> 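Take a look at this one; I'll ask things after.
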Amino acid sequence: MSDMPTAADGAHPPRGASTSGPTESENEHERPSGKRDMGTAEDSPEYVDPQPVRRTGPGPGAASTPAEPTPGSGSGSGPAEHGTTEVRPDAISGGDGIATTPDAAKPVAPTEPVSTATTTPAETPEAAWPPAASAAPSVPGAPAAPQAPDAATAPHAPDAPRAAAAPAASATPAKPTTPPPSPIPETPEFPTRVGFYGPLPFIPPPDQQRRNTRRHLLAAAGGVVAVLALLASLAVGGVFDTPSSPAAVPIAERNGAGTTAKAEEKAPVTRIATSDVAFLTDNRTQALKAGNADAFVAGIDPTATELVAAQRRVFANLRLFPFTSVEFRPPAAYIDSGTDAGPLSRDVSVVFAHQVTGVDSEPIAERYIWTVYRASVGAPLVITKIVGASTSGGGNAYPAPWDEDELALIERPHVLLAVPVKNKAKAATWADRAESALKKNLAVWKGPAITPQRYVVYVTPDHDTFIHALSGNDLPNVTGVCRTMPPARPISRDQPMAGSRITLDGSETMFTKGDGEQQTHLMRHELGHAMVAEFERGGDGPPLWVSEGFAEYLAWTDLSLAEWFQPDARNQVRAGKFSGKLPSDTEVNSPDAKTSTVGYHYSMLAIRYIAEKYGAAKADTFVVAVYKDSAPAALDAALKEATGLDRDTFESNWAKYVRTKVGN
C-alpha cells in the first residue's frame, strides 16, 4: 500500500489502497480465475506498516487523519436514508430488473459509521422457484434414502466399466421403500447328462423296442468290438497322460468347475450406483427450490449431527440469494462396487450448478465431495461427509459465501452484499459504498457493453475466513479478491467466463474503523475486475500490468495526478531508479510490499496514459481485447490498434509520461 500526500502541503497522512493480482490456478482446463488485491499500507506515526507481500494499488491520501464517518457520509457513498433492504430466508426471487437510485451525498470527513436503522422486511409471499423440467421426486418431507438396484444404468468414464441398467426412481414416491437385494441371474441349464462316452441313448417306446431288438443286438456287438479297439489304442498311445489343453479335460471335471464359477458369480456384493446418488441430489435440488429444510438434509446420516446442522445453515444461506437456476448434479463416472455384501463407502463428486440472477450469464459450478455409505446389500444410502472439492485446477466456485457463517444479505440495484449476521448493522453502509463505487466505474467505462447487472460482494467476518475463501492461501496484505468463474458446462479455451465473486477481508481496519475512503477505493478496484470478467477466456489471462492497471485506473479516476501521488514511486523516479519498462508480473506480484505497490502504480499509469492520450474508449477496448486473447502477438496488435504504436515505442512514450507525472 502506499500513502498519497496532497501536493498542496506535502504532508504524508495515513492513506492506503488496495491492490489485486491473480490467485492460484483452480481448474485443470481453465486459467486461474482469481485476482489478488493487496492490503493497505500506512505511514502515519501511529500506524505500523504491515509485512511485505502483494498489494493492490495505492489509495488516495488525505491531509489529516480522518474522523470516523457518520451515517450517510464517507467517500460519497454513505448509507441511504431508505435503510437496508433485507431478504427473507424463505423468499427466493429471480428478479431481473435493475432499478436506479440517486447517487449518495458528497463525501465528508470519514467518521465511524453508526448502524443505520434497518427497516424490518415486509412480509412478502415466497417467490416460487421455476418448476424443474424433469420429473424429480417431490419433497414434502424427508425422503427415505435411495435404494441400491443391483445393476444401475450409470454414465461412465471412457475407461471405466459400464454398470448394468437399473430401474429409474419413481417420479413422485409417496414413501420410498427399501428395494429387494440385487437380482441374481438364473443359473443356465447344464448340458445333457452324459454316459461314459457320450449322451445316454434315446429310449424308444416298448413296442418299438421289440421291433428293434435285433438291430440293438447287432449294434451292441459292434459296440463291443469298438470298445476293445479303443482300449487297445489307449494302451499304446498314452491317451491317459495329463491333458495339455482345456478341451482334453474330462467333461465331468469341466462341468464341476463351471458349477463353482457360476455359484461364485451369484454371490451378492454391496454396490452404489450413480442412480442412487442421483436420487439424493435430485431430492436436494427439489428441497432447495421448495424451501423444505428437512428434505434438504434428509439424505444425511442422522447420526452425523454436526453435518446436519452445517447443511441446515447452508440451506438457510442459499435461500437468501436470487437464483435463476439451481441443480445438484450427481457424478457421471462409474462407482466401484464392493467386494462382499458388507459395508461400502465411496467418495463421489457432486456439482452444485447455480446461476445468480443478474450476476451470472449462465450457471457456474461449485464442486463438492460427498462421502456416501451403504451398510450392506439393500441398505439405504446415506451421506456421511461433505467437503469442498479441490480448487487447485480452477473452475470451482467453492467456497462460496453460503458455505461459511450464517449470513445476512443486503440488496442494492447493482450489488448483493453478503455479511455474517453479526455485521448486519454495518452492512447497509458498506452496501451503499459498493453501490456508489460501481456507479462511478460504469460512468467512466466507454468500452463494449457490460453484461452483468449485479455483483456479489462478500465481506468476511475475520481473516481466517478470508484465507479460506482464498483456498487456504495466506497472502499477507491481500485485502480483496475477485474470482472469475467459468460456466458449469464443458467449454473450450476461447469461450468467455460466466460470472465472478468478490471477497473482502472484513478484519481490515477500513471495515473495523469505518474508513469509507479506503473502502470505496478497494471496492472500485475489485468491481473493476468483475466488470471485465465476462470478457476473459481460458488460458493464462492478461499480464498483470493490464488487469491490475485497469482496476487501479478505475480506482484512481477521481484523483488528479497534479495533487495526488504515490510516495515510493515518486522517490524511485526522482532517484533515477525507474527503468522505463512496463512492470513484469513478478514485480506487480512481488512479496515485497514496496516493489508490489510501485508495480501497481506504474501499471495504473499505463492504462491512464492510453485513456488520457487516446481516449477512454481506446483504453477500455484495449483491455477487453487483451482479456480475450493475451498472447504476446495479440497484445501487440491490440496496442497498435489503440495507440498506433508498436510496443517499444509505446513503452518509451509511456516512460516519459511517468517521469513527468510522478517525478515532479
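Reckoned from all heavy atoms, side chains included, excluding hydrogens, waters and symmetry mates. Note that this is a predicted model, so its numbers are computed, not measured.
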> With sequence neighbours excluded, what pairs up with Y373 under the side chain to side chain donor-acceptor pair (under 3.5 Å) test?
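Expected list: none.
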
> For a salt bridge (Lys or Arg N to Asp or Glu O under 4.0 Å) check, start with the C-alpha distance between E411 and R454, then their side-chain angles and the critical distance, and finish with the verdict.
CA-CA 10 Å; E411 294 197 55; R454 276 182 163 180; 2.8 Å; yes

> Got a sec, which residues hit side chain to side chain donor-acceptor pair (under 3.5 Å) with R329, two or more places apart in sequence or on another chain?
E327

> Is a side-chain donor-acceptor pair under 3.5 Å present for R524 with N441?
yes

> Can you tell me how far the OG1 atom of T503 sits from the CZ atom of R483, to the nearest 0.5 Å?
6.0 Å

> Before giving the answer on side-chain hydrogen bond (donor to acceptor under 3.5 Å, both in side chains), spell out for D282 and T285 the whole-Å C-alpha distance, their side-chain angles and the decisive distance to 0.1 Å.
CA-CA 5 Å; D282 289 349; T285 297; 5.3 Å; no

> At their closest point, which heavy atom of S337 faces which heavy atom of R271, and how far apart are they?
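What the structure gives for the nearest pair is CB-CG, 3.5 Å.
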
> Side chain of N396, backbone of A389: donor and acceptor closer than 3.5 Å?
yes

> Main chain of P399, side chain of D403: is a donor-acceptor contact present, judged purely on distance under 3.5 Å?
no

> Are F352 and Y368 close enough that their ring centers fall under 6.0 Å?
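They do not qualify: ring centres at least 6.0 Å apart.
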
> Can a donor-acceptor pair be found, under 3.5 Å and without considering hydrogens, that links the side chain of Q311 to the backbone of V297?
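Judged by distance alone, no pair lies under 3.5 Å.
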
> State, yes or no, whether a side-chain contact exists between P486 and I491 at a heavy-atom distance under 4.5 Å.
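They are in side-chain contact.
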
> Would you call R412-D432 a salt bridge at under 4.0 Å N-O?
yes

> Mind listing the closest non-hydrogen atom pair of D505 and H463 along with its distance?
OD2-ND1, 2.8 Å

> So, T451 versus E534: side-chain donor-acceptor pair below 3.5 Å or not?
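Short answer, yes.
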
> How long is the straight-line distance from CE of M510 back to OG1 of T479, given to the nearest 0.5 Å?
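That separation rounds to 4.5 Å.
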
> Closest approach of P461 and D405, non-hydrogen atoms and distance?
CG-OD2, 3.3 Å

> Is the closest basic N to carboxylate O distance between E362 and R489 below 4.0 Å?
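So E362 pairs with R489 through a salt bridge.
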
> Show your working on side-chain hydrogen bond (donor to acceptor under 3.5 Å, both in side chains) between T324 and T357 and close with a plain yes or no.
CA-CA 5 Å; T324 300; T357 303; 2.7 Å; yes

> Under 30°, 30 to 60°, or over 60°: which ring-plane class applies to H529 and H525, parallel, tilted or perpendicular?
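Correct class here is perpendicular.
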
> Salt-bridged, R312 to D294, with N to O below 4.0 Å?
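D294 and R312: salt-bridged.
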
> Quick one: does I502's side chain get under 4.5 Å of L504's, heavy atoms only?
yes

> Check whether any side-chain heavy atom of R346 sits under 4.5 Å from a side-chain heavy atom of L381, and report yes or no.
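Not touching, per the 4.5 Å side-chain cut-off.
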
> Testing W402, F328, F321 one by one against H354 for a ring pair (Phe, Tyr, Trp, His ring centres under 6.0 Å), which residue passes?
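When ring pair (Phe, Tyr, Trp, His ring centres under 6.0 Å) is applied between H354 and each of W402, F328, F321, only W402 qualifies.
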
> Taking the side chain as every heavy atom from C-beta outward, state whether V419 and L407 have any atom pair closer than 4.5 Å.
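The answer is no, as the side chains (C-beta and beyond) never meet within the 4.5 Å cut-off.
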
> Could you state the interatomic distance from NZ (K424) to CD (E406), rounded to the nearest 0.5 Å?
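If I round to the nearest 0.5 Å, the distance is 9.5 Å.
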
> Rounded to the nearest 0.5 Å, what separation is found between the CE atom of M523 and the NZ atom of K440?
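These two atoms lie 12.0 Å from each other.
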
> Using a 4.5 Å cut-off on heavy atoms from C-beta on, say whether the side chain of W370 contacts that of P331.
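Side-chain contact under 4.5 Å: no.
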
> If you round to the nearest 0.5 Å, how far is CG of D276 from OG1 of T281?
10.5 Å

> With a 6.0 Å cut-off on ring centres, are W430 and Y458 close enough?
no

> Do E366 and V351 come within less than 4.5 Å of each other through their side chains, counting heavy atoms only?
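No, every pair of side-chain atoms sits at 4.5 Å or beyond.
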
> Got a salt bridge between K385 and D347, using NZ or NE/NH1/NH2 to carboxylate O under 4.0 Å?
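Looking at K385 and D347, the cut-off is not met.
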
> Do V277 and I272 have side chains that get closer than 4.5 Å, going by heavy atoms?
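Yes, close enough: below the 4.5 Å cut-off.
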
> Looking at side-chain heavy atoms only, is the closest gap between L307 and T384 below 4.5 Å?
no

> Check the pair H468 / E404 against side-chain hydrogen bond (donor to acceptor under 3.5 Å, both in side chains), numbers first and verdict last.
CA-CA 9 Å; H468 188 227; E404 307 293 354; 2.7 Å; yes

> Between the side chains of S500 and T484, does any donor sit under 3.5 Å from an acceptor?
no

> Quick one: list whatever passes ring-ring contact (aromatic ring centres under 6.0 Å, His included) with F550, sequence neighbours left out.
W445

